[in-house]
> 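Before I ask anything, let me first share the structure, which is written out below as structure tokens.
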Amino acid sequence: MNRMFRHHLFWPLAILAALLLFNLFYSPDFFNIVMRNGHMYGSLIDILNFGAPLVLVAIGMTLVIATKGIDLSVGSIVAIAGALACLTISRGTDQNALSLVLSAVGLTVGLSFFLGAWNGFLVATTGIQPIIATLILMVAGRGIAQLITSGQIITVTSDTYNYIGNGALAALPFSIFIVAAIYLIVSLLTRKTALGLFIESVGCNPQASRLIGIRSRLIIITVYMFCGLCAGIAGLILSSNVASADGNNAGLWYELDAILAVVIGGTSLNGGRFYLTGTVIGALIIQTLTTTIYMIGVPPEITLVVKAFVVLTVCLIQSEVFRKKVVQRWKTRRYPAEREVSRHV
Amino acid sequence: MYNRKYLPILVTFGLFVLIFAAGSFRYTGFFSSQVFLNLLIDNSFLLITAVGMTFVIVSGGIDLSVGSVIALTTMISASLVQNQGWPPFVVIPLVLATGAFFGWIMGAIIHYFKVQPFIVTLAGMFLARGLCYVISINTITIDDAFYTKVAQTKIPLPGNASVSISVLIALAVVAIALYLAHYTRFGRSVYAIGGSEQSALLMGLPVARTQILVYTLSGFCSALAGVVFTFYMLSGYGLHAVGMELDTIAAVVIGGTLLTGGVGFVIGTFFGVLIQGVIQTIISFEGTLSSWWTKIVIGLLLFFFILLQRLFSSRRKTIRS
């Protein structure tokens, strides 16, 4: 029993279960899933479908945070990726052509790799703090996204492109498969090879890691590139879901949601340790929370207040000082004599 | 009077003069006192926020909640004045106290529970934005006599120019901040904590009080900026000042304050704000360039200045060793 409580996935899973349980009582048809035109519909499917980009970004963010870094630019990369893909497709003569969509996706993936590499380069070689290094792209990125879309909202009418965010494979949304594939690849790479250990080692102490023969810089750049890639794919999914690109609002505050998901999942912001499964659950918790708030009929903007309290609570629980203070208070309440004894020793 | 530590400020000041001169040569009507004063008029709220942020960054922290606190202030003022009919001279002290209290709580959590400032103020940012929407999702327009009067009052200056009351408030804040930073114990403690919290504690400086006060000050400045912003926009809205925290941090960094803490000047921040303002003015004078170029240019400037900071700090290390 005690071991179950101590497991790092216990609290995230408990929160998710509590949220789902609340929905079960509040609206019994929450768990209903209907089949229509070969698609499955229902709140649970919605959570998975709309949560897919967030899960992706959060996976990338987990690895960055594991190296004691942070990537604030993911929201901007999401916007840039969506803008570039939609622009490429809208320029084409036949928007449904597979080759056009593939080249758009290829271009976008390439660009997001490059943007991630830029972040990684700044962090790894110039030694700028990660918050600040990625802040540059966060500020400039929105401008770049608007530059690509010329400040307009670009709409595309490509069924092929639309498939990425809205299509169904085996009755499930296609986006889920993208996320699942990336999650599998990353978990295999980090847990079945030494890569995960390298990342954690760099997060603990980059200097020491370099001295024992790990190429810290290379690892850091790779991690940021991967985070950029994840954000780019998330941008593709998001923009194809709404069949348009909005340089101003696409991926707004995504960086914060992603960081929140990582923190809820049990990964410490101090680096050196990461839990991919925890992150996925954390992202699902956030998406479930949003869906729940929509369903209750509270204005969706109130989500922000709830999120604020969730971040604060989770961080306070992670804070060692806070835990010690709380535990001390419980202990002194239960055994008033203990303090006296320890003072006289 | 030449001193190495003033070099970053000189770079910032020089850059401002350079950009302003370039604009003057390129556009007719650019070189006038009114264009210069408009920089202050349009950026007075940014200036006030940035001054508060300078203290936070010098102390080694960061405050991401400033933009949201501004929005919350406009929202509370608008709903109390417009919907409840409260008099402005009650509402303004109330919102200022609210902002300061908000900052105080964040400071207390950061100090006593040793949670990273980044995360705590992030939560504060969510909370303040969310509270705006709890009040109302729509814009509340203010047509109160006091607010419109303050907004429209122009103080004439020699040379056919004028400034708004907000500019006077902002300049007063800068003056007080200069005094606070360089001539009080509080200011010295802030620099000491930014240099090394451990050493400051061992020297017997009031670390807890100073650190919490710094965030309280930042919250107060944001609220004051929110009041000025209310004068400027004459409305309250939950989406006011989105992204202001980044503009503010950018202004502070361009002003030569080191993000690692311990080094920085209020007057540098003043010029950092002016540089942002002059870039916006040039882009609007150019006419063909769109507003998003502002973001790209500010991003580039940020990059340039951060690299410069690295250069300075690494050179200082080699000199020392």
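None of these values were measured; they are calculated from a predicted model. Residue numbering restarts at 1 for every chain, and letters A, B, ... go by the order of the sequence lines.
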> Could you measure the distance from the CZ atom of B/F304 to the CD1 atom of A/I136? Nearest 0.5 Å is fine.
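It comes to 12.5 Å.
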> With a cut-off of 6.0 Å (strictly less than), are more than 12 heavy atoms of other residues, nucleotides or ligands near CZ of A/F121?
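Incorrect, the count does not exceed 12.
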> So what's closer than 4.5 Å to chain A heavy atoms on B/L300: side chain, backbone, both or neither?
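When you check distances to chain A, no heavy atom of B/L300 falls under 4.5 Å.
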> Is B/F118 close to chain A through its backbone or its side chain, or both, or neither, when contacts mean heavy atoms under 4.5 Å?
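Contact with chain A involves the side chain of B/F118 alone.
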> Going by heavy atoms in the side chains, are A/L122 and B/F303 under 4.5 Å from each other?
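In short, these two side chains touch, coming nearer than 4.5 Å.
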> First locate atom CG of B/L122, then atom CG of A/L312, and finally report the distance between them rounded to the nearest 0.5 Å.
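Here the interatomic distance stands at 10.5 Å.
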> Check the surroundings of atom CZ in A/F22: do more than 12 heavy atoms from other residues, nucleotides or ligands lie under 6.0 Å from it?
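Result for CZ/A/F22: enclosed.
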> So for A/I259, is it side chain, backbone, both, or neither that comes closer than 4.5 Å to the heavy atoms of chain B?
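Interface part for A/I259: side chain.
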> In Å and rounded to the nearest 0.5 Å, what is the CD1 to CG distance from B/I62 to A/L135?
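So the gap between those two atoms works out to 7.0 Å.
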> Given a strict heavy-atom distance threshold of 4.5 Å, which part of B/V134 is in contact with chain A: side chain, backbone, both, or neither?
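Both the backbone and the side chain of B/V134 come within 4.5 Å of chain A.
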> Are any non-hydrogen side-chain atoms of B/L127 and A/F309 less than 4.5 angstrom apart?
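Sidechains of A/F309 and B/L127: in contact.
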> Roughly how far, to the nearest 0.5 Å, is the CD1 atom of B/I119 from the CG atom of A/L256?
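Result: 9.0 Å between the selected atoms.
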> Heavy-atom distance under 4.5 Å to chain A: side chain of B/I249, backbone, both or neither?
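Interface part for B/I249: side chain.
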> Do you know the tightest heavy-atom contact between A/L147 and B/I296?
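Closest pair (atom of A/L147, atom of B/I296, distance): CD2-CD1, 4.1 Å.
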> Quick one: closest heavy-atom pair of B/G299 and A/A140, and the distance?
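The pair with the smallest heavy-atom distance is CA-CB, 4.0 Å.
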> If you count heavy-atom pairs under 4.5 Å with chain B, which of A/I70, A/I144, A/L260, A/V305 comes out on top?
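Going by pairs under 4.5 Å, I would pick A/V305.
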